[in-house]
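When a residue number appears, it is its place in the shown sequence, counting from 1. Because only heavy atoms are used, hydrogens play no part in the values below, and waters and symmetry mates are left out as well, while side chains stay in.
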Amino acid sequence: MTETLTDFRMRARFAQSRAVMLKQGAEAYDRQRGLARLLPVDPTEFRSSTLENTNRLCKLLARALRQERMRGRSGHWTYDLNRHLGLVQAYKAERRNLAALRGGQVSADHAASPTGPADMELQTTKNPAG
């Protein structure tokens, strides 16, 4: 089935608005408030923004993001789009913090996003049923 020009424009607008929303969410990210809702960690554990804490937090967020994406792709009933978006925003913000702590350099273990070689974005999939 071919995609019409209108469909193409709608998809492009959706992708643009999604990118803006994720960027703004990452910029407004508050570690103390966000982590309590996204990860089962002690809030006092990540109060300090040391290199080790931020690196560990990025790894935890990447793992949680992979798990949430798998739930979404499999159609599992526990998948939560808002949690997914929150994880993407938190991951982007913590990657930015990690780069700042390292002086603009991100290590090889965080060079690629947890979703693959593409930039960290929320990936939409077509529903096979419709």
Partner set under side chain to side chain contact (heavy atoms under 4.5 Å, CB included) for Thr50, not counting sequence neighbours: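 By the side chain to side chain contact (heavy atoms under 4.5 Å, CB included) rule, Thr50 matches Ser48, Glu52, Asn53.
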
Once side chain to side chain contact (heavy atoms under 4.5 Å, CB included) is applied, do any residues pair with Thr78, and if so which ones, sequence neighbours excluded?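 Here the qualifying residues are Arg71, His76.
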
Just how far is it from atom [atom1] of [X] to atom [atom2] of [Y], taken to the nearest 0.5 Å?
| X | Y | atom1 | atom2 | value |
| --- | --- | --- | --- | --- |
| Leu87 | Arg66 | CG | CZ | 11.5 Å |
| Lys59 | Thr54 | NZ | OG1 | 12.5 Å |
| His84 | Gln67 | NE2 | CD | 12.0 Å |
| Ser49 | Glu94 | OG | CD | 7.5 Å |
| Asn55 | Asn97 | CG | CG | 12.5 Å |

Derivation of the side-chain contact (heavy atoms from CB on, under 4.5 Å) call for Val41 and Leu57: CA-CA 10 Å; Val41 295; Leu57 185 56; 5.7 Å; no

Which pair of non-hydrogen atoms, one from [X] and one from [Y], has the smallest distance, and what is that distance?
| X | Y | answer |
| --- | --- | --- |
| Ala90 | Leu38 | CB-CD1, 3.7 Å |
| Glu68 | Asp80 | OE2-N, 2.9 Å |
| Ala64 | Leu39 | CB-CD2, 3.7 Å |
| Tyr91 | Ala62 | CE1-CB, 3.8 Å |

